[in-house]
Structure formats: C-alpha cells, structure tokens
Amino acid sequence: MTTSTMTTTTNKTIVQRFYAAVDQGDVSTVGELFAPEWVNVDPSLPPLQGLEGARTLVSMFTTSFPDFTSRIELMAAEGDRVAVRAVHTGTHSGPFLGVPATGRKVTVTATGIFTCKDGKLVENRVVFDAYGLLQQLGVAP
C-alpha cells in the first residue's frame with residue numbers, strides 16, 4: 001500500500017469515526033478526531049469552531065434526536081479530503097435550532113467534504129436538507 005493510499009484510508013476512517021461519535025453523542029472522542037483549529041462550514045448551523053465547537057456539533061443531534069443515526073451512502077477520498085453523502089434519521093424529541101420537540105420522525109440527506117491534517121479533522125463543509133427537515137418537523141410549508 002502506498003503512502004497516498006494509506007493516507008486516504010486513514011482519512012476515511014477518521015470521517016467514519018466522526019459519524020459514529022455524532023450518532024452516539026460521544027464527546028469523549030473530540031480530542032482524538034478534531035484539530036484545535038477545526039472549523040465547521042455549514043450555512044444551516046450556527047458557527048462552530050475549535051474543540052468546544054466540535055463538542056457542540058457532536059452532541060447537538062443526539063440531544064435533539066436521541067435515536068439519531070447516520071448511514072453513509074457514498075464515500076470517496078483523495079489527498080486530504082473525504083467526500084460523503086449520508087442519510088440521517090431520528091425522532092425529534094428535544095429542541096433543535098429553536099424548534100421545540102415535535103415527536104416526529106425525520107429523514108434528512110447531507111453531503112459533506114471533510115478535510116484532514118495529521119490524522120485529525122480540520123474542516124467540515126456540509127450541506128444538508130435543512131428545508132426538508134423543517135418541512136418534516138411541520139414548521140415550513
């Protein structure tokens with residue numbers, strides 16, 4: 001296996017571990033997975049950066065959707081970047097981005113490009129179907 005292949009394989013593993021941490025709300029892995037300079041670029045979420053921002057991101061979904069799960073449908077890596085298309089499901093049992101719990105089950109798709117450096121995430125660029133989520137929660141037409 002070449003160094004390039006090992007790097008892309010390692011980066012894919014980091015991203016898979018990220019999704020597992022989010023699904024479990026496991027903030028104990030933040031120091032292992034995220035670099036201190038990490039930044040989340042997602043127009044539908046509040047600005048998040050650094051290790052504290054990573055803790056917020058990892059815990060925010062299971063706080064609002066205790067049964068939150070992610071299914072990676074597609075993953076490709078090249079160099080320091082990993083691209084993912086994922087489907088997320090959960091039951092809205094707590095407030096999320098100002099929307100009180102509705103008890104509704106939701107399914108949302110997301111596409112992300114993750115950048116890794118020295119075995120850690122340094123940037124998440126994610127776009128998820130925020131409008132579709134709001135429709136499923138009953139707060140958008």
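Along the sequence shown, the residues carry numbers beginning at 1.
Within a 6.0 Å sphere centred on CD of Gln49, heavy atoms belonging to other residues, nucleotides or ligands number 12 at most. Around the CD atom of Glu78, the shell of radius 6.0 Å holds no more than 12 heavy atoms that belong to other residues, nucleotides or ligands.
Under the 4.5 Å side-chain heavy-atom criterion for Ile, Leu, Val, Met, Phe, Trp and Tyr, Val41 and Val126 are members of distinct hydrophobic clusters. Ile72 is not connected to Val87 by any chain of hydrophobic side-chain contacts under 4.5 Å among Ile, Leu, Val, Met, Phe, Trp and Tyr, and they are in different clusters. Met75 and Val127 fall into different hydrophobic clusters, defined by Ile, Leu, Val, Met, Phe, Trp and Tyr side-chain heavy atoms under 4.5 Å apart, directly or through other members. In this structure, Val39 is not a member of the same hydrophobic cluster as Val22, with clusters built from ILVMFWY side-chain heavy atoms closer than 4.5 Å.
Among Thr7, Thr9, Thr13, Val15, the one residue that satisfies the side chain to side chain contact (heavy atoms under 4.5 Å, CB included) test with Asn11 is Thr7.
Nearest approach of Thr8 to Gly79, heavy atoms of both residues: CG2-N, 3.6 Å. Listed here is the closest heavy atom pair of Lys120 and Ala35: CB-N, 3.7 Å. In plain terms, the two heavy atoms of Ala54 and Val30 that are nearest each other are CB-CG1, 3.8 Å. Between Pro66 and Ser93 the shortest heavy-atom distance is CD-CB, 3.6 Å. Closest approach of Leu33 to Ile14, counting heavy atoms only: CD2-O, 4.1 Å.
Pairs engaging residues 92-111 under the ring pair (Phe, Tyr, Trp, His ring centres under 6.0 Å) rule: Phe61-Phe96, Phe65-His92, Phe65-Phe96 [sequence neighbours left out]. Among pairs with a residue in residues 32-57, those fulfilling salt bridge (Lys or Arg N to Asp or Glu O under 4.0 Å) read Arg17-Glu32, Glu52-Arg55, at least two apart in sequence or across chains. Among pairs with a residue in residues 118-141, none fulfils ring pair (Phe, Tyr, Trp, His ring centres under 6.0 Å), at least two apart in sequence or across chains.
Between Leu133 atom CG and Thr107 atom OG1 the span is 10.0 Å, to the nearest 0.5 Å. Considering CG of Leu137 and OG1 of Thr102, their distance stands at 4.5 Å, rounded to 0.5 Å. Between the CG atom in Asp129 and the OG1 atom in Thr111 there is a gap of 10.0 Å [rounded to 0.5 Å].
A 4.5 Å side-chain heavy-atom check between Thr109 and Arg85 finds at least one atom pair inside the cut-off. Thr115 is not listed as a side-chain neighbour of Leu121, based on a closest heavy-atom distance of 4.5 Å or more. Side-chain contact between Leu57 and Trp38 is present, with heavy atoms from C-beta onward closer than 4.5 Å. Val82 is not listed as a side-chain neighbour of Ile113, based on a closest heavy-atom distance of 4.5 Å or more. Annotation: side chain of Leu45 is in contact with side chain of Met60 (closest heavy-atom distance under 4.5 Å). Counting only heavy atoms from C-beta outward, the side chains of Arg81 and Phe114 never approach each other to under 4.5 Å. When side chains are defined from C-beta on, Val99 counts as touching Leu134, because their heavy atoms get closer than 4.5 Å.
Checked by atom type, the side-chain pair Thr89/Thr69 shows a donor-acceptor distance below 3.5 Å. There is a side-chain donor-acceptor pair under 3.5 Å between Asp23 and Ser70.
The main-chain N or O of Ala21 is never found under 3.5 Å from a side-chain atom of Thr29 such that the two would form a donor-acceptor pair. Between the side chain of Gln135 and the backbone N or O of Pro141, at least one donor-acceptor pair lies under 3.5 Å. At least one donor-acceptor pair closer than 3.5 Å links the side chain of Arg104 to the backbone N or O of Gln136. A donor-acceptor distance shorter than 3.5 angstrom exists from the side chain of Asp67 to the backbone of Thr91, with no hydrogens or angles considered.
Using a 30° and 60° split on the angle between ring planes, Phe34 and Phe18 fall in the perpendicular class, above 60°.
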